[in-house]
Amino acid sequence: MTALRRPIRFCTTPSGARIAYAAAGAGPALLVPAAWISHLELLWQDPAYRAFFTPLSGARTVVQYDRPGCGLSEPWPGPQGLDTDLEVLEAVADHLDLPRVDLLGISLGAPASIAFAARFPQRVDRLVLYGGYADGRQIASPGVRAAMLDLIRAHWGLGSEVLADIFLPDGSAENKAVFARLQREAASAETAAALLAQCYLADVTDLRPRVAAPTLVLHRRDDRAVPYRAGRDLAVGIPGARLVSLPGRSHFPYVGDAAAVVREVLDFLGNPASVPPARAGRWPGELTSRQLQVAALVAEGMTNRQIAAHLGIEERSAEGHVERIRQRLGVTSRAQIAAWWAGRVATR
């Protein structure tokens with residue numbers, strides 16, 4: 001019952017490139033720069049991807065966009081770099097008339113988010129960095145970096161599969177195949193190689209002390225794409241930043257224990273992931289982060305067994321979550337849960 005499509009709109013940067021973006025949810029804006037190669041339509045068809053972002057959309061207006069040359073966005077009129085990322089991010093925020101935002105910088109979106117927060121401190125309320133880094137040289141040795149770039153340029157099909165295995169080590173074979181195909185459909189080999197080179201060259205080390213916004217740094221300890229030490233060093237350099245270490249190997253937050261990431265993000269943004277004890281009466285519609293995730297999957301039409309398999313929990317636990325959701329929402333059917341969810345994350 002949840003729409004597999006969301007409205008895509010466009011804005012134009014000062015350099016003339018038209019950028020595709022999507023905004024969903026309600027509340028203060030949470031801008032999410034593209035983490036890597038992206039395609040707003042294709043990524044949204046992944047149930048795991050939707051299940052990660054929909055609880056965030058229940059508390060914030062989540063704004064995402066395709067970087068230039070990827071997905072539905074037009075190519076950039078020249079070489080891309082950190083200045084490109086900043087121009088695009090600022091253009092999207094200005095187009096939506098957002099004087100202040102929260103930022104969620106995931107992976108390659110982290111350096112851009114740090115730079116934006118440092119350059120425009122008056123526009124950033126809170127900064128969340130997941131799987132990020134300040135210096136791209138920390139990601140891999142010079143030999144590995146060169147080999148990856150050569151592989152992508154010479155054989156994008158094989159390169160996309162290797163990257164899928166690095167990014168999603170805990171994903172199923174089907175998930176990896178889908179992501180590899182998405183990368184190839186969203187960007188050419190030339191664009192992918194240029195973007196990965198930009199990733200390796202990014203260095204915002206000197207900008208970290210200029211970040212004034214409260215900052216949360218999340219990093220999985222065994223992240224195969226961006227080493228944990230990169231996240232630790234990132235947190236050390238930002239004044240007052242808090243580092244939260246999470247278990248897991250998968251680089252993208254929607255694979256593995258996604259609920260733990262959602263919980264940390266919502267808690268930090270000021271939307272507690274659990275109902276405070278003082279509200280024992282429970283206001284209608286207040287759900288925990290795990291329940292929000294289950295509600296999203298119910299809206300996808302999943303059975304309790306499918307939800308349990310998707311989240312890595314027992315079927316009995318999934319059944320319990322659904323029952324508690326019914327009680328908290330004051331509804332009696334799964335269809336009503338799905339209807340509530342559709343209204344909760346209605347697109348602006």
Take a 6.0 Å sphere around CD of E185 and say whether it holds more than 12 heavy atoms from other residues, nucleotides or ligands. yes

Interatomic distance, I114 atom CD1 to D206 atom CG [nearest 0.5 angstrom]: 12.0 Å

Kindly check if the number of other-residue, nucleotide or ligand heavy atoms within 6.0 Å of CZ (R305) is above 12? no

ring-ring contact (aromatic ring centres under 6.0 Å, His included) for F52 and F252? Distances and angles first, verdict last. CA-CA 10 Å; F52 174 78; F252 290 138; over 10 Å; no

For the CG atom of D233 and the NE2 atom of H219, what is their distance to the nearest 0.5 Å? 10.5 Å

L196 vs W36 side-chain heavy atoms within contact, under 4.5 Å: yes

Quick check on E319: does its CD atom have over 12 non-hydrogen neighbours (other residues, nucleotides or ligands) under 6.0 Å away? no

Taking the side chain from R100 and the backbone from Q122, do they hold a donor-acceptor pair closer than 3.5 Å? yes

Any sub-3.5 Å donor-acceptor pair from D135's side-chain atoms to Q138's backbone N or O? no

What class does the angle between the rings of Y130 and H251 fall in, given that below 30° is parallel, 30 to 60° is tilted and above 60° is perpendicular? tilted

Non-hydrogen side-chain atoms of Q291 and R324 separated by less than 4.5 Å: yes

Is the shortest heavy-atom distance from the side chain of L287 to the side chain of I325 under 4.5 Å? yes

May I ask you to test the L243-R232 pair for a side-chain heavy-atom distance under 4.5 Å? yes

Between T12 and A17 (side chain of the first, backbone of the second, donor and acceptor by atom type, cut-off under 3.5 Å), is there such a pair? no

Could you check K176 against R181 for side chain to side chain contact (heavy atoms under 4.5 Å, CB included), going step by step and ending with a plain yes or no? CA-CA 9 Å; K176 293 177 183 178; R181 185 168 62 252; over 6 Å; no

How about CD on E174, more than 12 heavy atoms from neighbouring residues, nucleotides or ligands closer than 6.0 Å, or not? no

Is there a donor-acceptor contact under 3.5 Å from the side chain of E264 to the main chain of L218? no

Spell out, as yes or no, whether a donor-acceptor pair under 3.5 Å connects the side chain of Q336 to the backbone of S333. yes

Sequence neighbours excluded, every pair satisfying salt bridge (Lys or Arg N to Asp or Glu O under 4.0 Å) that has a member inside residues 215-230: D165-R224

Apply side-chain hydrogen bond (donor to acceptor under 3.5 Å, both in side chains) to Q293 and R263, showing your working. CA-CA 10 Å; Q293 199 171 26; R263 180 170 58 251; over 6 Å; no

With a 4.5 Å cut-off on side-chain heavy atoms, are V294 and L292 touching? no

Is there a side-chain contact between V101 and R123 (heavy atoms, below 4.5 Å)? no

Return the CG to OG distance between L72 and S38, rounded to the nearest 0.5 Å. 8.5 Å

Can you give each donor-acceptor pair under 3.5 Å made by side-chain atoms of residues 144-151, sequence neighbours left out, with the distance rounded to 0.1 Å?
{"unit_1": "R145", "atom_1": "NH1", "unit_2": "R137", "atom_2": "O", "d": "3.3"}
{"unit_1": "R145", "atom_1": "NH1", "unit_2": "A140", "atom_2": "O", "d": "2.5"}

Dump the intermediate steps for side-chain hydrogen bond (donor to acceptor under 3.5 Å, both in side chains) on D85 and Q198, then the final yes or no. CA-CA 11 Å; D85 291 339; Q198 177 187 339; 2.9 Å; yes

Close side-chain approach of L127 to P214, heavy-atom, < 4.5 Å: no

Salt-bridge criterion met for E323 and R326 (N-O under 4.0 Å): yes

Could you give the distance from OG1 (T288) to CZ (R328), rounded to the nearest 0.5 Å? 6.0 Å

For Y49 and Y254, take the angle between the two ring planes, folded into 0 to 90°, and tell me which bin it lands in: parallel under 30, tilted 30 to 60, perpendicular over 60. perpendicular

So T215 and R242, do their side chains get closer than 4.5 Å, heavy atoms only? no

Member of R316, R334, E315 meeting the side-chain hydrogen bond (donor to acceptor under 3.5 Å, both in side chains) criterion with N304: R334

Within the distance-only criterion (no hydrogens, no angle test), does the side chain of T54 pair as donor or acceptor with the backbone N or O of R50 below 3.5 angstrom? yes

Does the S250 side chain pair with the main chain of D170, one donor and one acceptor, at a distance under 3.5 Å? yes

Which distance, rounded to the nearest 0.5 Å, do you find between the OG of S57 and the CZ of R6? 8.0 Å

Have a look at F116 and tell me which of L103, V211, L82, L207 forms a side chain to side chain contact (heavy atoms under 4.5 Å, CB included) with it. L103

Rounded distance [0.5 Å steps], CD in E41 versus CG in L182: 11.0 Å

Compute the centroid of each ring, for H95 and then for F10, and state whether the two points are separated by less than 6.0 Å. no

Same cluster or not: V331 versus L297, using hydrophobic residues (I, L, V, M, F, W, Y) connected whenever any side-chain heavy atoms lie under 4.5 Å apart? yes

Would a hydrophobic clustering, with Ile, Leu, Val, Met, Phe, Trp and Tyr connected at side-chain separations under 4.5 Å, put L42 with L40? no

Give the C-alpha distance, both sets of side-chain angles, the deciding distance and a yes or no for side-chain hydrogen bond (donor to acceptor under 3.5 Å, both in side chains) between S73 and Y65. CA-CA 8 Å; S73 290; Y65 57 86; over 6 Å; no

Pair E90-T13, side chain to side chain contact (heavy atoms under 4.5 Å, CB included): steps then yes or no: CA-CA 9 Å; E90 185 178 12; T13 69; over 6 Å; no

